[in-house]
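The structure appears below as structure tokens.
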There are 2 protein chains.
Amino acid sequence: MSVSATDQKQEQIIEAALKRFAHFGVAKTTMSEIADDLSLSKASLYYYFPDKTALVLAVGENILSVFLDEQSKALANAQSFEEGINAIIEVRICFGRKYFMMHIGDGQSDVNTADPKFKTALDHLKQTELDMMAAYIRQYQKEKVLKDVDAKETAEVLLDVLVGLWIAEIHIHQKSFVPTNELFERIRTKTKRMVSIFCDGIKRN
Amino acid sequence: MSVSATDQKQEQIIEAALKRFAHFGVAKTTMSEIADDLSLSKASLYYYFPDKTALVLAVGENILSVFLDEQSKALANAQSFEEGINAIIEVRICFGRKYFMMHIGDGQSDVNTADPKFKTALDHLKQTELDMMAAYIRQYQKEKVLKDVDAKETAEVLLDVLVGLWIAEIHIHQKSFVPTNELFERIRTKTKRMVSIFCDGIKRN
DNA sequence: CTTTTGACTAATTAATTTAAAAAGTCAGAA
DNA sequence: TTCTGACTTTTTAAATTAATTAGTCAAAAG
């Protein structure tokens with residue numbers, strides 16, 4: 001089936017919105033600005049998306065889909081268990097750099113991030129990551145590289161710790177709104193150290 | 001040297017302030033309330049403490065000192081490496097429950113938490129915890145229980161992860177201002193799972 | 001019939017002012 | 001030396017107003 005003109009236009013809008021969101025954040029981006037970027041009237045935007053929340057959601061789902069894809073590829077191309085985990089970390093840091101601003105302004109945002117649709121999208125992300133990681137662990141268990149620990153539970157712990165180091169670093173060392181290079185470097189260093197020990201913990205002797 | 005009357009009074013004030021701070025948080029506690037609790041005038045409080053920040057700092061240092069002490073004891077009484085780590089986790093959760101509210105209201109607090117004195121106190125806490133943990137690791141390295149990994153670096157990673165799991169859980173699952181029981185249970189579960197793998201990672205085969 | 005728009009209203013957010021509360025001071029009493 | 005009531009100053013909260021932005025719609029354009 002061919003892509004309809006409407007779908008194409010929607011994609012253009014998402015692309016334009018993404019640029020603004022990534023740079024200024026959702027709250028600091030108005031629908032008029034996005035429309036202007038496309039030499040369109042604001043009313044036209046509302047022809048393609050019922051409201052701002054829907055647009056933000058579409059942009060978010062777009063990002064998450066690529067995010068999952070790249071993580072999946074990172075694991076698939078790895079030559080060893082630990083290499084795969086480290087590759088995933090690089091993907092995550094790369095996305096963190098690119099889309100950090102999107103998350104900023106949660107507190108006084110104009111778009112309702114408490115909307116169940118956002119929760120659903122994030123739940124789906126988390127679940128998919130979990131399945132992906134659990135499958136990856138099982139793969140290396142079959143090859144007798146890893147101990148026969150519970151794959152799902154282990155994947156859960158690993159992802160929890162990955163998120164934990166990330167959020168803690170932001171929470172503690174983040175003063176300004178724009179993230180510094182050192183922030184991401186610290187996250188990378190701490191995460192890799194942790195992963196090294198973690199992998200030793202589940203590898204067969 | 002004996003304890004002066006002034007020191008004694010200061011201790012009473014700290015004790016009364018602690019009760020309010022732990023329950024309502026620093027921002028929601030007024031100097032007048034603390035004074036009233038002690039059947040004292042507000043002006044008298046200011047005789048013993050130059051300003052609210054000084055009082056908060058004194059209370060904080062009090063808590064941190066006990067916190068460090070209990071963690072130290074937990075390690076000292078442990079019968080095995082992992083038991084010590086798990087005991088420390090219990091101490092941390094216990095303190096988290098007790099003093100969670102103190103930290104609430106960072107954003108619109110009336111007391112200047114950016115004051116370098118607070119930073120110093122927290123830096124000292126972190127450094128002492130680090131030294132304590134590194135020494136604990138070295139102890140079990142001598143007994144050939146643990147691998148000869150870099151003790152300081154390993155201690156750093158472990159503490160980072162402990163903090164990370166804690167902050168992430170609060171950041172993600174905390175809606176209301178008063179923390180729920182389940183919050184702490186989740187932190188405990190996740191942390192213990194992680195610790196189990198982590199210990200396996202640094203234990204000798 | 002699909003897409004676009006300018007001109008509109010409704011809802012949010014930001015800025016300004018005003019009122020209340022809490023921090024902090026001080027002369028003098030106990 | 002320790003304590004207090006009455007005071008001033010500073011901060012925070014509430015209320016008001018102004019400005020911006022989200023969202024609508026009838027009608028035009030293709």
Side-chain angles (χ1 to χ4, degrees), chain A residues 2-14 16-17 20-21 23-60 104-115 117-118 177, chain B residues 2-14 16-17 20-21 23-60 104-115 117-118 177:
Chain A
S2 72
V3 187
S4 76
T6 296
D7 285 352
Q8 222 173 317
K9 198 87 183 198
Q10 279 180 329
E11 275 307 318
Q12 283 172 25
I13 293 170
I14 288 173
R20 289 252 173 206
F21 290 165
H23 210 96
F24 302 107
V26 172
K28 292 278 182 199
T29 300
T30 71
M31 294 296 268
S32 302
E33 285 169 340
I34 296 168
D36 288 350
D37 287 349
L38 293 159
S39 304
L40 228 69
S41 76
K42 186 173 57 152
S44 290
L45 274 197
Y46 282 92
Y47 177 75
Y48 290 102
F49 292 92
D51 51 33
K52 193 179 180 183
T53 299
L55 177 54
V56 172
L57 192 65
V59 170
I104 285 296
D106 242 349
Q108 65 288 346
S109 178
D110 53 346
V111 71
N112 182 17
T113 42
D115 189 307
K117 282 172 185 170
F118 284 98
F177 291 99
Chain B
S2 70
V3 186
S4 75
T6 296
D7 285 350
Q8 222 173 316
K9 198 87 185 199
Q10 279 180 330
E11 274 308 317
Q12 283 174 26
I13 293 171
I14 288 173
R20 289 254 171 203
F21 290 164
H23 210 96
F24 302 107
V26 171
K28 292 277 182 200
T29 299
T30 71
M31 294 296 268
S32 300
E33 286 169 341
I34 296 168
D36 287 352
D37 287 349
L38 293 158
S39 304
L40 228 68
S41 75
K42 185 173 60 149
S44 289
L45 275 197
Y46 282 93
Y47 178 75
Y48 290 101
F49 292 94
D51 51 34
K52 193 179 180 183
T53 298
L55 176 54
V56 173
L57 192 65
V59 170
I104 284 295
D106 241 350
Q108 65 287 349
S109 176
D110 54 345
V111 73
N112 182 17
T113 43
D115 190 308
K117 283 171 184 170
F118 285 99
F177 291 98

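So you know, we letter chains A, B, ... as the sequences are listed, proteins then strands, and number each from 1. All figures in this text were calculated on a predicted structure; none of them were measured in a lab.
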Return the minimal non-hydrogen interatomic distance between Ala35(A) and Leu45(A), and the atom names on each side.
N-CD1, 3.9 Å
Can you name the atoms? Protein N/O to nucleotides 28-30 of chain D N/O, anything below 3.5 Å, with the distance.
none

Calculate the interatomic distance between Gln10(B) atom CD and dT2(D) atom P; express it in whole Å.
10 Å
For residues 38-48 of chain B, which residues have at least one heavy atom under 4.0 Å from DNA chain C?
Lys42(B), Ala43(B), Tyr46(B)
At less than 4.0 Å, is any side-chain N or O atom of Lys9(B) found next to OP1 or OP2 of dT1(D)? Yes or no.
no
In Å and rounded to the nearest 0.5 Å, what is the NZ to CD1 distance from Lys42(B) to Ile34(B)?
11.5 Å
Please tell me if Thr6(B) has a side-chain N or O lying less than 4.0 Å from either OP1 or OP2 of dT1(D).
no
Are the side chains of Leu40(A) and Lys9(A) in contact, using a 4.5 Å heavy-atom criterion?
yes
Could you give the CD-to-C1' distance, from Gln12(B) to dT2(D), as a whole number of Å?
13 Å
In whole angstrom, give the distance that lies between atom CD of Gln8(B) and atom P of dC3(D).
12 Å
Restricting to non-hydrogen atoms, name the atom on Ala27(A) and the atom on Lys52(A) that form the minimum distance, rounded to 0.1 Å.
O-NZ, 4.4 Å
For Tyr46(A) and Met31(A), the nearest pair of non-hydrogen atoms, with its separation, is OH-CG, 3.5 Å
By side-chain contact (heavy atoms from CB on, under 4.5 Å), Ile14(B) pairs with (sequence neighbours left out) Glu11(B), Phe49(B), Leu55(B), Ala58(B), Val59(B), Asn62(B)
If I take atom CZ in residue Phe24(B) and atom P in nucleotide dA22(C), what distance separates them, rounded to the nearest angstrom?
13 Å
Let me know the distance between CD of Glu33(A) and P of dA22(D), rounded to the nearest Å.
8 Å
What is the distance, rounded to the nearest whole Å, between atom CZ of Phe49(A) and atom P of dT4(C)?
13 Å
Specify the separation, in whole Å, of atom CG of Asp36(A) and atom C1' of dT21(D).
13 Å
Out of Thr29(A), Asp37(A), Thr30(A), which one pairs with Arg20(A) under the side chain to side chain donor-acceptor pair (under 3.5 Å) rule?
Asp37(A)
Please report, rounded to the nearest Å, how far the C1' atom of dT9(D) is from the CE atom of Met31(B).
16 Å
Rounded to the nearest 0.5 Å, the CZ atom of Phe118(A) sits from the CG atom of Leu57(A) at a distance of 5.0 Å
